[in-house]
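Every chain is numbered from 1 and lettered A, B, ... according to where its sequence line falls, protein lines coming before strand lines.
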Number of protein chains: 2
Amino acid sequence: MPSDPWLAQLQSTGCRLTAARRAVTEVMQSAERALTPVEVYDAARKRDPRLGLVTVYRTLEKLESLRLIQRVHHSQECQAFLKAGEGHQHILLCERCGRAVLFDGDNLEALFERVGEQTGFEIKSHWLQLYGLCEECRTG
Amino acid sequence: MPSDPWLAQLQSTGCRLTAARRAVTEVMQSAERALTPVEVYDAARKRDPRLGLVTVYRTLEKLESLRLIQRVHHSQECQAFLKAGEGHQHILLCERCGRAVLFDGDNLEALFERVGEQTGFEIKSHWLQLYGLCEECRTG
DNA sequence: GTATAATCGAAAACGATTTTCAATAAAGGT
DNA sequence: ACCTTTATTGAAAATCGTTTTCGATTATAC
Ligand SMILES: [Mn+2]
Ligand SMILES: [Mn+2]
Ligand SMILES: [Zn+2]
Ligand SMILES: [Zn+2]
């Protein structure tokens, strides 16, 4: 029974706790911005130098399937991963430094209603991402 | 001076009008859903059987840079292209048949204000995509 | 028509991701 | 602690979508 919630969830779904998974997990938990597989690899190898890139891919896939991390889409690069929040949240990204912040509490029901009527679609889900400048990039 | 607006715009930016570009243009103009490069290739070869996949990539890149088409991101596949609308619009996708509809007139200013205050970010742009079931997939 | 340079397609190169497979090591039972 | 089982690992190879290279083609201007 590991104290870390991600490791606990990994273990509870039948996974073994390995050095590789600990390293990737720590990197993803502490990242303030979305990381590509290679970025995760570089960061995690500081904790476990024997780690292979293949295992990074496999671990990211597992963490994503457990909804502990999520994919972040940029206009070009769509293979970056970020820790996921609890429940329904959206991402706000700094265009300059990449910092990512999660927020919730959109109120789009009225929009869905209107668009649904206009188009004949039944709206099931949505995807909202905001871009801007974080406080430090704005002032600094 | 071609009567087709896309071809006219291509020509006005110094492009030559070739069979390959005509074929890709026609496919993208008439598509009701986002198409991957290979799907464009398959469809366009019915008009120009000598067409090569490389040229499809190059033409899609050109059409995208002219903002005549746009990239559509799915959770996995992010290399599908759809004709772009005029001005600021968003995409509504049918989860079942893939049909894509554009809409405008979101009213997210209040949300941006609130999130900006909460996070210290200055919101610059956004990205909204809706998913649902189109009329035909709902009833049929 | 001819000249010129843009564009083309085939083949090769590239790079990110996935698969294969023998070695390793985590977890559970003794 | 030790052994057994089997999930997991990393290196190497395979795969696959995309890009580059390059000689041949062809749209356009004269
Ligand atoms: Mn939402
Ligand atoms: Mn909008
Ligand atoms: Zn920033
Ligand atoms: Zn549909």
Rounded to the nearest angstrom, tell me the gap between atom OH in B:Tyr41 and atom C1' in D:dG17. 14 Å

Grouping I, L, V, M, F, W and Y whenever their side-chain heavy atoms are under 4.5 Å apart, do A:Phe121 and A:Val115 come out in a common cluster? yes

Taking the nucleotide of DNA chain D with the closest heavy atom to each, which residue, B:Leu53 or B:Leu17, is nearer the 5' end? B:Leu53

Both B:Val54 and B:Arg21 contact DNA chain C. Which one's nearest nucleotide lies toward the 5' end? B:Arg21

Got a donor-acceptor contact below 3.5 angstrom from the A:Arg114 side chain to the B:Gly105 backbone? yes

Please state how far atom CG in A:Leu10 lies from atom P in D:dT9, giving the value in whole angstrom units. 10 Å

Rounded off to whole Å, could you give me the CZ-to-C1' distance for the A:Arg71 and C:dA16 pair? 13 Å

Assign B:Arg58 to base, sugar-phosphate, or nothing according to its heavy-atom contacts below 4.0 angstrom with the strands shown. base

Rounded to whole Å, please give me the gap between CG in B:Leu51 and C1' in C:dT7. 12 Å

If I take atom CZ in residue B:Arg22 and atom P in nucleotide D:dT26, what distance separates them, rounded to the nearest angstrom? 14 Å

Determine the contact category for A:Glu77: base if any of its heavy atoms lies under 4.0 Å from a base atom, sugar-phosphate if only primed atoms, P, OP1 or OP2 are that close, otherwise nothing. nothing

Side-chain atoms of B:Arg16 come closest, of D:dA11, C:dT7, D:dT9, to C:dT7

Distance, rounded to the nearest Å, where A:Leu63 contributes CG and D:dT8 contributes C1': 15 Å

Which of parallel (below 30°), tilted (30 to 60°) and perpendicular (above 60°) describes A:Trp127 and A:His73? perpendicular

Phosphate OP1/OP2 of D:dA27: any B:Gln11 side-chain N/O under 4.0 Å: no

Does C:dC8 have its OP1 or OP2 closer than 4.0 Å to a side-chain nitrogen or oxygen of B:Thr18? yes

Using heavy atoms to find the nearest nucleotide of DNA chain D for B:Cys15 and B:Glu61 separately, return the residue whose nucleotide is more 5′. B:Glu61

Rounded off to whole Å, could you give me the CD-to-P distance for the A:Gln79 and D:dC16 pair? 17 Å

Short N-O contact, B:Arg47 and B:Glu26, less than 4.0 angstrom: yes

What integer distance in Å separates A:Lys62:NZ from D:dA7:P? 11 Å

Taking only N and O in the side chain of B:Arg50, is any of them less than 4.0 Å away from OP1 or OP2 of C:dC8? no

Using only atom types and a distance under 3.5 Å, with no angle test, would you say the side chain of B:Arg21 pairs donor to acceptor with the backbone of B:Thr59? no

